[in-house]
Amino acid sequence: FLSGDKWAMTRRRQYGEVANLLQGVVNVLEHFNKYMGIPQIRQLSERVKAAQNELGQQILADFEEAFPSQGTKRPGGPSNVLRDACLVANVLDPRIKQEIIKKFIKQHLSEYLVLFQENQDVAWLDKIDRRYAWIKRQLVDYEEKYGRMFPPEWCMTERIAVEFCHVTRAELAKIMRTRAKEIEVKLLLFAIQRTTNFEGLLAKRFSGCTLADGTVKKPEVPPPSTNPFLEDETGTETDEIVIEKSDMDKPKKPKVPDNPFHGIVSKCFEPHLYVYIESQDKNLGELIDRFVADFKAQGPPKPNVDEGGAVLPSCADLFVYYKKCMVQCSQLSTGEPMIALTTIFQKYLREYAWKILSGNLPKTTSSSGGLTITSLLKEKEGSEVAKFTLEELCLICSILSTAEYCLATTQQLEEKLKEKVDASLVERINLTGEMDTFSIVISNSIQLLVQDLDAACDPALTAMSKMQWQNVEHVGDQSPYVTSVILHIKQNVPIIRDNLASTRKYFTQFCIKFANSFIPKFINHLFKCKPISMVGAEQLLLDTHSLKMVLLDLPSIGSQVVRKAPASYTKIVVKGMTRAEMILKVVMAPHEPPVVFVDNYIKLLADCSNDTFQKILDMKGLKRSEQSSMLDLFRQRLPAPPSGVENTGSLSLSAPTPEQESSRIRKLEKLIKKRL
C-alpha cells in the first residue's frame with residue numbers, strides 16, 4: 001500500500017482499489033496496537049496515518065471541484081470516482097466523511113437560501129407550501145442523480161431533509177420575529193398544519209437515525225427506491241369528535257410511537273402560539289355569549305319526562321369545542337401553551353356554570369300564594385300552592401343533569417389534558433375548582449326543588465297548627481291538611497323523578513333532603529297544636545301515620561314501576577315520623593300519677609330537653625302550676641343518658657301495621673296501667 005505503485009493509484013484516483021488495500025492495512029495495524037513501542041511498527045503506523053491524511057485532503061479537493069461551494073460553476077454530476085472516494089472516506093478519519101456530507105448538503109441547499117430569502121414574497125407563511133414542494137423536488141432530483149454515489153449507510157437523503165428542516169426552522173423563526181404583528185391565527189394555523197403534515201411525511205419515509213448524536217445507524221429495513229414525496233399530500237386536520245358521556249371512559253389505546261421528526265420545524269411556531277390562545281379566548285367568550293342569547297331567545301327546554309330530562313345541548317357544544325382545541329393545541333405544543341389553554345378552559349367552565357346554569361335557575365318568591373286557612377282545609381285547593389310551574393321544575397332538573405354531565409366531563413377533560421401535556425407540567429393541570437363549581441350548581445338545584453315542595457306544604461302545616469284540636473269530637477279519615485300535603489307530593493315528585501331518571505343518585509338526594517326538611521318542620525307545627533283533647537290526639541296520630549306511609553312511598557309515588565326506597569332514605573323517615581308518633585302517644589297518656597308520666601316520657605322520647613317536655617305539657621293543656629311541679633319532677637327523674645337509650649326507644653316504636661294502628665291508644669293505656 002505504501003509502495004510507489006500504490007501512490008500512483010492514489011494520484012490516478014483509483015479509489016476502489018485503494019479502499020480495499022487501505023481497509024486491509026488498517027485491520028492489520030489494529031492487531032499491532034499493543035506493539036507500538038517497537039520503532040519499526042510505530043514508523044509504519046505513522047506512514048499509514050500520513051497516507052490517510054493525504055488521501056483525505058485529495059478526496060475533499062475532488063468533492064470541492066465537483067460541487068463548488070462558491071462561484072458560478074454548476075455542480076458536476078455523479079461519477080464512479082467519487083463513489084469509490086466515499087468508500088475510502090469510510091476507512092479514513094470520520095471527520096473526512098462528515099466534511100464531505102456537510103459540503104455536499106450545503107451546496108445542495110444553497111439555492112433554497114436564495115429563493116426564500118427574508119425579503120422574498122414566497123418566504124412568508126402564506127406560501128409555506130412552496131418551501132416543502134421545493135425540498136420534495138430536490139429529494140427526487142438527488143435520488144435520481146446521486147442516489148448511488150453515496151453509501152446507503154450514510155443516509156444522505158434523510159440528512160438533506162433534516163438539514164433543510166433545521167435551516168427552515170431558523171429562517172421561519174427569523175422572519176416571524178420581524179413580522180410578528182402580521183401573524184393572524186388563521187395564517188398561523190395554516191402554516192403549522194402544513195408543517196406538521198410535512199413532518200408526518202418525513203416520519204413515513206425516514207427512520208430518524210441521523211437525528212441522535214450525529215451518529216449514523218444502518219437502517220434495519222432498506223428504504224424503498226421510489227420517491228415517497230410523490231404521493232398526494234392529504235390533510236391531517238383533526239376531525240371534530242363529539243364527546244359522549246362514555247367517550248373518555250373507553251380503555252386507553254396503546255400510545256402510538258412518537259414521530260421522531262415532530263417539532264423539527266414546527267417548534268419555531270411555539271413562541272407565537274399566544275396568538276392562538278388569545279383567539280381561543282375570544283372564540284370561547286363569543287360562544288358563551290351565544291349560549292346566553294340562544295337561551296333567552298328559545299326559552300327553557302320543553303318538558304321531556306319520557307327521556308328522563310334533557311341535558312342542555314350547549315354543554316355538549318362547549319366540550320366538543322374544548323376537545324377540538326385540546327387536540328389541536330397538543331399538536332402544536334405540549335408545553336406552556338397547553339397550560340395557557342387550560343387556564344382559558346377553566347375561565348369558561350366557570351362562566352358556563354354561572355351564566356348558563358346558575359343564571360337560568362328559576363328565582364324563588366317570598367309569597368305563599370295568599371291562601372287562607374279555610375281554603376287550605378278544602379281538598380284539592382292546596383294543589384295551587386306550588387310556586388314553580390311544570391316548565392320551571394323541568395328546567396331545574398335539566399340544569400341539574402347538565403351540571404352533572406359537566407362535572408363528569410370536566411374530570412375526564414383534566415385527565416386528557418394531563419395525558420397531552422409534558423410530564424414536567426402535569427402538576428399544573430388542576431380543574432378541581434371548576435368541578436366544585438358544578439357541584440355547587442347541583443346542590444343549589446336540589447335545594448330549589450326541596451324548597452319548592454317544602455314551601456308548597458307550609459300552608460297546610462300552618463292550617464294544622466291553627467285547628468281547634470281540643471274541639472275534635474270523633475276520629476275520621478285523614479284531615480284535609482294531610483290531603484293537601486299528599487297532593488303537592490304527588491304533583492311534584494313524579495315530575496322530578498322522571499326528569500332525573502338519568503341521574504338517580506341526585507333524585508335520592510332530593511328525597512333525603514326533603515325528608516330532613518319536612519319532618520322537623522312537621523314536628524315543630526305539631527308542638528303548636530295546643531291544647532289537644534284525647535280524640536284530637538287520636539286524629540293527629542292517624543294523620544301522622546298517613547303522612548309516614550306517604551313519605552316512605554315518596555321515591556316511587558305515582559310510578560308504574562315500584563322500587564324499594566333506598567335504605568338511607570327509609571331510615572330517616574322512620575326515625576323522624578316515629579318521633580312524631582311518640583310525641584302524640586305521650587300527649588295522650590294520663591299525667592297522673594306524675595312520676596309514671598315523667599318516666600314514660602323519658603323512656604318513649606329519650607329527650608332530655610326541658611323545652612321539649614314543656615311543649616308536651618302545653619299540648620296537654622296543663623295549667624302553669626301543674627307544669628311547674630311536673631318540670632321539677634322531670635329534672636329530678638332525669639338520669640344520665642345511658643348508652644342505647646335511643647335505640648331501646650326506637651325498638652319499642654317499630655312501625656305498626658294498619659290493623660294495629662286502630663288499637664294504639666288502648667294498648668298504650670294498658671301499658672300504663674301495668675306499670676302502675
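Heavy atoms only: backbone and side chains are in, while hydrogens, waters and symmetry mates are out. One is the number of the first residue; the rest follow in order along the sequence.
Side chain of S314 to backbone of F291: no donor-acceptor contact under 3.5 angstrom is found. The backbone N or O of S401 sits nowhere less than 3.5 Å from a side-chain atom of Y506 that would complete a donor-acceptor pair. In terms of modelled atom types and a separation under 3.5 Å, the side chain of R563 and the main chain of P555 share no donor-acceptor contact. Using a distance-only test at 3.5 Å, with no hydrogens or angles considered, no donor-acceptor pair links the side chain of Q411 to the main chain of M435. T196 contributes a side-chain N or O that, together with a main-chain N or O of Q193, makes up a donor-acceptor pair within less than 3.5 Å. Here the side chain of Q138 pairs no donor or acceptor atom with the backbone of L109 at under 3.5 angstrom. A donor-acceptor pair is defined here as one N or O able to donate and one able to accept, closer than 3.5 Å; no such pair exists between the side chain of N499 and the backbone of C397. Using a distance-only test at 3.5 Å, with no hydrogens or angles considered, no donor-acceptor pair links the side chain of Y348 to the main chain of I288. In this structure a side-chain-to-backbone donor-acceptor pair under 3.5 Å is present from S110 to Q107. Checked by atom type and distance alone, the side chain of T389 pairs as donor or acceptor with a backbone atom of E392 at under 3.5 Å.
M176 CE to W124 CH2: the interatomic distance, rounded to the nearest 0.5 Å, is 7.5 Å. Between atom CD1 of residue I344 and atom NZ of residue K282 there is a gap of 14.0 Å, rounded to the nearest 0.5 Å. Taken from CZ in F269 to OG in S333, the straight-line distance is 13.0 Å, to the nearest 0.5 Å. Rounded to the nearest 0.5 Å, atoms CD1 (I160) and CD1 (I105) are 5.5 Å apart. Remark: I356 CD1 to I399 CD1 distance equals 9.5 Å, nearest 0.5 Å. Distance check, rounded to the nearest 0.5 Å: NZ of K564 to OG1 of T570 gives 7.5 Å.
Considering every non-hydrogen atom in both P494 and I489, the closest pair reads CD-O, 3.6 Å. Taking every heavy atom of both residues into account, P362 and F388 meet most closely at CB-CE2, 3.6 Å. Across every non-hydrogen atom of Q120 and L115, the tightest pair is CG-O, 3.5 Å. Between Q117 and A123 the shortest heavy-atom distance is O-CB, 3.1 Å. The two residues L393 and L449 have their closest heavy-atom pair at CD2-CD2, 3.9 Å. S207 approaches E158 most closely through the heavy-atom pair N-OE1, 3.6 Å.
For the pair C165/F198, a side-chain contact is recorded, criterion being any heavy-atom separation below 4.5 Å from C-beta on. The side-chain heavy atoms of F116 and T168, taken from C-beta on, include no pair separated by under 4.5 Å. By the 4.5 Å heavy-atom criterion applied to side chains, D317 and L287 are not counted as neighbours. A heavy-atom distance below 4.5 Å is found between the side chains of T342 and L431.
Heavy atoms from other residues, nucleotides or ligands lying under 6.0 Å from CZ of R130 number 12 at most. Residue E427 places its CD atom among 12 or fewer non-hydrogen atoms of other residues, nucleotides or ligands, all under 6.0 Å distant. With a 6.0 Å radius and a threshold of 12 heavy atoms from other residues, nucleotides or ligands, K521 has its NZ atom above the threshold.
Ion pairing of E415 with K418 is absent here, as no side-chain N (NZ or NE/NH1/NH2) approaches a carboxylate O to less than 4.0 Å. Salt-bridge check for R205 with E143: passed, with a basic side-chain N closer than 4.0 Å to an acidic carboxylate O. In this structure, E171 pairs ionically with K174, as a charged nitrogen and a carboxylate oxygen lie closer than 4.0 Å. With salt bridges taken as basic N to acidic carboxylate O contacts below 4.0 Å, none links R177 and E118.
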Handout entry: From CA spacing to verdict: side-chain contact (heavy atoms from CB on, under 4.5 Å), F164, L139
Key = CA-CA 11 Å; F164 166 82; L139 292 177; over 6 Å; no
Practice task
Output, in order, the C-alpha distance, side-chain angles, deciding distance and verdict of salt bridge (charged side-chain N to carboxylate O under 4.0 Å, His left out) for E99 and K102.
Solution key: CA-CA 5 Å; E99 187 67 21; K102 180 180 176 182; 5.2 Å; no
Problem - Working for side chain to side chain donor-acceptor pair (under 3.5 Å), residues T503 and E404 - result: CA-CA 8 Å; T503 173; E404 185 208 17; 3.3 Å; yes
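By the side-chain contact (heavy atoms from CB on, under 4.5 Å) test, S439 is found to be paired with L407, residues two or more places apart in sequence or in another chain being considered. By the salt bridge (Lys or Arg N to Asp or Glu O under 4.0 Å) test, K355 pairs with E351, sequence neighbours left out. Annotation: ring-ring contact (aromatic ring centres under 6.0 Å, His included) contacts of H108 (sequence neighbours excluded): F104. In this structure D121 satisfies the side-chain hydrogen bond (donor to acceptor under 3.5 Å, both in side chains) test together with K127, sequence neighbours excluded. Checked against salt bridge (Lys or Arg N to Asp or Glu O under 4.0 Å), D294 has the following partners two or more places apart in sequence or in another chain: R290.
Residues N430 and T432 have side chains that bring a donor and an acceptor to within less than 3.5 angstrom of each other. Side-chain contact annotation: T195 with Y132, donor-acceptor N/O pair under 3.5 Å present.
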Can you list, pair by pair, the side-chain donor-acceptor contacts under 3.5 Å of residues 510-520, counting residues two or more places apart and other chains?
| from | atom 1 | to | atom 2 | distance (Å) |
| --- | --- | --- | --- | --- |
| N516 | ND2 | I512 | O | 3.3 |
| S517 | OG | D454 | OD2 | 2.4 |

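Partner T402 forms a side chain to side chain contact (heavy atoms under 4.5 Å, CB included) with one of V311, I442, N360 and no other, that one being V311.
Using bins of under 30°, 30° to 60° and over 60° for the plane-to-plane angle, the ring pair Y142/F150 lands in the parallel bin.
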